[in-house]
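Just so you know, these numbers come straight off a predicted model, no measurement behind them. Counting starts at 1 for both ligands and their atoms, in listed order.
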Amino acid sequence: MPRIKFHCESFLFLFICIVITSTNQHNCPETEGCQRLQSHIQNETHNEIICRRVIDVEFSIDVHVIHLCKYDNATFYLKHVIKKLPNVRQVIIFDSKLSYLIGPNRYNHINLLRINNSTLKRVADNLLHNMSQLHVLDLRNNSFDRLPNQFTQYPGLQLKDVYLSNNKWNCRPENLMWTRNITTSLIRDLETVDCDDPFNGKPVFHISKFQQDIMSECPRYCDCELFNIVRDFEDVLNPIIAVKCLNQGLLQLPRHLPNLTKILHLENNSISDLSPIVTNRSYKDLLELYLDHNNIASIAILEGGDWLQRFNVLSLRSNKLVQLPTYALDNALSRNENMPDAVLFYLADNPWRCDCAYTPHFQEMLMKYAPQIKDLHEVRCRFAVGDENSLLPIVSLTRNSICRQANDYAIKPLDLVNIILASLIVLVLGKLVYDYYFFKKTGRLPWIVSKMP
Ligand SMILES: *[C@@H]1O[C@H](CO)[C@@H](O)[C@H](O)[C@H]1NC(C)=O
Ligand SMILES: *[C@@H]1O[C@H](CO)[C@@H](O)[C@H](O)[C@H]1NC(C)=O
Ligand SMILES: *[C@@H]1O[C@H](CO)[C@@H](O)[C@H](O)[C@H]1NC(C)=O
Ligand SMILES: *[C@@H]1O[C@H](CO)[C@@H](O)[C@H](O)[C@H]1NC(C)=O
Ligand SMILES: *[C@@H]1O[C@H](CO)[C@@H](O)[C@H](O)[C@H]1NC(C)=O
Ligand SMILES: *[C@@H]1O[C@H](CO)[C@@H](O)[C@H](O)[C@H]1NC(C)=O
Ligand SMILES: *[C@@H]1O[C@H](CO)[C@@H](O)[C@H](O)[C@H]1NC(C)=O
Ligand SMILES: *[C@@H]1O[C@H](CO)[C@@H](O)[C@H](O)[C@H]1NC(C)=O
């Protein structure tokens, strides 16, 4: 290997050289036990052994590298290796079945620890405590779901290269504490350290950063979570952030939301004012808004912004809505780029007005957007005593029943005036006829005429 020899000529490259030589994958021996492998680096004899299943060597001070394969004890104690091989520099374990790794005593010279394809799941919290000479830690191709929280927090640690990809990293916030204190500049494969569950295949350290930002900006009375994360067509990661502030008796929309909040749940509060959605920057990325069981009497304020043109979900069940700005809403929806498949509305349990002036337009709008209005048949007229349409589904009302209602038969003030006037005319004509016949019969003028001058 002339190339490697060349690298190894200066002491500076000795370390790199060791790394290069040790990445040469050795095959696991056929027979159980240890064999010597001899490799010569410059003048130094670089003593290596490779062991299958057991480390059956006597105390030996000249072994610098140990390869170990098919080692199937659940717990691996590095101190047992040091006891037999006190001068070992490199410990390489592959194709084994381990689950837990415990560190060595203080007096060790391990500068490379590589555990590959060995189902390792956990390391002792203080694994690195006594490993002050460790330069390379390679934990690729194992079953780690997390690391200890303060894994690299040891003064004097000389760690330079850490590899963590191809594991089963769990990306729930509570299992990502370890990512916060680890020195990320040490991690050589940072961009390929990917989550297993949730967010499968997404980079762990980006997820962790998003989650920290979300938590730091979350209103005190809300729960905020990274709901999903998607790559856009330029391969940029876009977080989908969901904020839930339920049952809090809120009178107003939250003052601040985490940046990029797309989903907001505010069910069971007492909110009536929606103006921040139009005016406040916190709401600029909002796509889904759930406001069931609040005090909203009107959404007319939303006409003033572009929100109706870009939203996905608006849920307004059990509010105080009497009517919608049908024309403006229709106009906005026809321009909404999420139409038709990604727009959802919920409108049930509101005291909807039902009369000839408003309802035909409203009904038209309900029909037009029937695929988007998920509770269409629960959108009912408000309760009104004596109204034949009271609590009936609005889409099923006929034009006649809207425009000829019970209260149309009722006597209105103007009708009363008309009736009075008509009765007076009848009265006057009657009196005229009576007076005419009375004059014909008796020849006497009516009393009023006889009194006139
Ligand atoms: C990983 O280890 C298992 C068992 O030790 C072995 O059967 C398998 O071939 C190894 N995988 C690779 C890619 O070497
Ligand atoms: C570090 O080494 C000392 C003795 O050398 C030992 O008592 C201690 O348990 C070791 N710590 C760890 C975390 O292995
Ligand atoms: C880990 O082991 C696999 C197969 O066992 C091998 O292909 C790969 O090169 C090894 N990776 C490292 C960094 O040693
Ligand atoms: C180990 O990792 C390498 C890439 O580093 C990959 O190609 C290989 O399939 C992995 N092996 C196992 C057993 O996971
Ligand atoms: C990070 O390290 C500091 C100091 O060691 C510690 O106080 C803090 O709790 C650690 N944070 C986490 C998330 O473990
Ligand atoms: C949120 O956005 C504001 C304004 O764009 C920015 O100043 C702030 O740093 C962001 N916060 C986080 C945690 O990214
Ligand atoms: C709107 O945003 C500003 C900061 O950008 C904040 O101070 C204010 O309280 C917010 N108002 C409402 C009603 O949410
Ligand atoms: C709101 O309150 C009602 C009754 O108190 C309850 O049934 C419902 O589950 C609550 N909704 C949410 C989203 O908490």
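In summary, the aromatic rings of Trp178 and Phe151 are positioned with their centroids too far apart to meet the 6.0 Å limit. Ring centroid separation for the pair Tyr71 and Phe76 comes in under the 6.0 Å cut-off.
For ligand 1, the polar-atom distance check against Asn117 finds a nitrogen or oxygen pair separated by under 3.5 Å. For ligand 8, the polar-atom distance check against Glu267 finds no nitrogen or oxygen pair separated by under 3.5 Å.
Residue contact check: Asn247 has heavy atoms under 4.0 Å from atoms 1 (C), 14 (O) of ligand 8. Listed by number with element, the atoms of ligand 8 under 4.0 Å from a non-hydrogen atom of Asn268 are 1 (C), 2 (O), 3 (C), 8 (C), 10 (C), 11 (N), 12 (C), 14 (O).
For the pair Lys202 and Asp194, the salt-bridge criterion is not met [side-chain N within less than 4.0 Å of a carboxylate O].
Protein residues lining ligand 2, listed by chain and number: Pro104, Asn105, Arg106, Asn126, His129, Asn130 [non-hydrogen atoms, distance under 4.0 Å].
Side-chain atoms of Asn117 and Asn141 include no donor-acceptor pair closer than 3.5 Å.
For the two cysteine residues Cys69 and Cys51, the thiol sulfurs sit 2.5 Å or further apart.
Taking the centre and axis of the six-membered ring of Tyr163, the NZ or CZ atom of Arg140 falls inside the cone set by 45° and 6.0 Å.
Residue contacts with ligand 1, taken as heavy atom pairs separated by less than 4.0 Å, involve Lys70 solely via side-chain atoms from C-beta onward.
Between Leu376 and Phe345 the shortest side-chain heavy-atom distance does not fall below 4.5 Å.
Residues passing the salt bridge (Lys or Arg N to Asp or Glu O under 4.0 Å) test with Asp72 are Arg53, sequence neighbours excluded.
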